[in-house]
2 protein chains.
Amino acid sequence: MTMSDTDNASGTPLELGSVLSALADPLRRQVIRELAQAPVATERTCASFGFPVSKATLTHHFRVLREAGLISQVDRGNSRAARLRREEIECSLPGLLAILVSEKVEPVDP
Amino acid sequence: MTMSDTDNASGTPLELGSVLSALADPLRRQVIRELAQAPVATERTCASFGFPVSKATLTHHFRVLREAGLISQVDRGNSRAARLRREEIECSLPGLLAILVSEKVEPVDP
DNA sequence: CTGTAGGTACGATACGTGTCATACCTAATG
DNA sequence: CATTAGGTATGACACGTATCGTACCTACAG
């Protein structure tokens, strides 16, 4: 486990305020939703989501998710793999992922 | 029903982003938590919660909750009674109230 | 009438947030 | 080596948010 001390430590319940703030942003909700709907051990890079924002903005968003404890990130040198912390989320906040997955999102205009 | 058009109309699913933003604030979470734990038809005034903030700040917070569709307010001339919209919340976002109720909140120092 | 209690609208303030550009890093490729 | 891809830190900016004070409203009590 290579988490820094600003990340949510394993076994610590998630801080609800941080989680809700993190998920108030639509881009960050989409990240969690896609990871929640992917196979369990899925790991994805920031860039793989294809959001129409700058790399710096992506970095910021993934940092917020990580510090809220919603994802963990593994350093791969020139990339980082993000993984959903399903068990921790389901343990601290049962049903939250289901709420996110069930959100109806308007398709983005082409 | 005396809601204005900025409030969530009956029967419309709650907008998850607005709800999460509204609940990201600890004072607003406390409001919902107390209403959720009270008898079903409970109606309370803004001032009855006894928060250590100004009346204007209270007005702002209750407005955010109302516009997110989490509460409805009934005008009583010189006061307004806030009621939790349990059924709508439970219908749109099953389990959300349980998450809020189970949050462990540090007691405020005397 | 005045005072109290419970509100709202408005403007102002300090801080937070989403975004970007820039410079830099790591790693891989040709 | 240069280029590409995937990142981070930093600073700047525009906007949003929580807060307050003020003036005003409604309703009630004396």
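Note on naming: letters A, B, ... go to the chains in the order of the sequence lines (proteins, then strands), and numbering restarts at 1 for each one. Note: hydrogens, waters and symmetry copies are ignored here, and every other heavy atom, side chains too, is used.
Under a cutoff of 6.0 Å and an axis angle of 45°, B:Arg44 and B:Phe49 form a cation-pi pair.
Put simply, CD on A:Gln73 is 10 Å from C1' on D:dG7, counting in whole angstrom units. Between the CG atom of B:Asp75 and the C1' atom of C:dG7 there is a distance of 9 Å, given to the nearest Å. Between the NZ atom of B:Lys55 and the P atom of D:dC25 there is a distance of 14 Å, given to the nearest Å. Atom CG of A:Leu58 and atom C1' of D:dG6 are 10 Å apart (whole Å). Spacing between atom CG of A:Leu20 and atom P of D:dT17 amounts to 15 Å, rounded to whole angstrom units. Look at CG on B:Asp25: it is 18 Å from P on D:dG16, rounded to the nearest Å. As a whole-Å value, the separation of A:Phe62 CZ from D:dT8 P is 9 Å. Between the CZ atom of B:Phe49 and the C1' atom of C:dA5 there is a distance of 17 Å, rounded to whole Å.
For the 3.5 Å distance criterion, the side chains of A:Ser18 and A:Ser21 fail to qualify, holding no donor opposite an acceptor.
Across the interface with DNA chain D, nearest-nucleotide mapping of A:Arg44 and B:Ala24 shows A:Arg44 to be the residue nearer the 5′ end. If you find the closest nucleotide of DNA chain C to A:His61 and to A:Asn78, the one lying nearer the 5' end belongs to A:His61.
For A:Ser79, taking side-chain heavy atoms from C-beta onward, the closest of the listed nucleotides C:dG7, D:dG6, D:dA9 is D:dG6. Among the nucleotides C:dG7, C:dT8, C:dT22, the one closest to the side chain of A:Ala56 is C:dT22. The side chain of B:Arg66 has C:dT8 as its nearest neighbour among D:dA9, C:dT8, C:dA9.
The distance from atom CG of A:Leu96 to atom CD1 of A:Ile89, rounded to the nearest 0.5 Å, is 7.0 Å. In this structure, A:Leu20 CG and B:Arg28 CZ are separated by 11.0 Å, a value rounded to the nearest 0.5 Å.
Taking 4.0 angstrom as the limit, B:Thr45 places a side-chain polar atom (N or O) nearer than this to OP1 or OP2 of C:dG7. Contact between the side-chain N/O atoms of B:Ser54 and the OP1/OP2 oxygens of D:dC20 is found at a separation under 4.0 Å. Note on B:Arg63: a side-chain N or O is less than 4.0 Å away from OP1 or OP2 of C:dA9. For B:Thr59, a side-chain nitrogen or oxygen approaches OP1 or OP2 of C:dT8 to under 4.0 Å. Using a 4.0 Å cut-off, some side-chain N or O of B:Arg80 falls inside it from OP1 or OP2 of C:dT8. For B:Arg28 and D:dA18, the shortest distance from a side-chain N or O to OP1 or OP2 is below 4.0 Å. Residue A:Thr57 has no polar side-chain atom (N or O) positioned under 4.0 Å from OP1 or OP2 of C:dG18.
When heavy atoms are screened at a 4.0 angstrom cut-off, A:Val53 is found touching the sugar-phosphate backbone but no base atom. If you check every strand for non-hydrogen atoms under 4.0 Å, A:Ala47 touches sugar and phosphate atoms only.
Using a cut-off of 4.0 Å between Lys/Arg side-chain N and Asp/Glu carboxylate O, B:Arg80 and B:Glu43 are scored as not salt-bridged.
One hydrophobic cluster holds both A:Leu23 and B:Leu97 under the rule that ILVMFWY side chains link at heavy-atom gaps under 4.5 Å.
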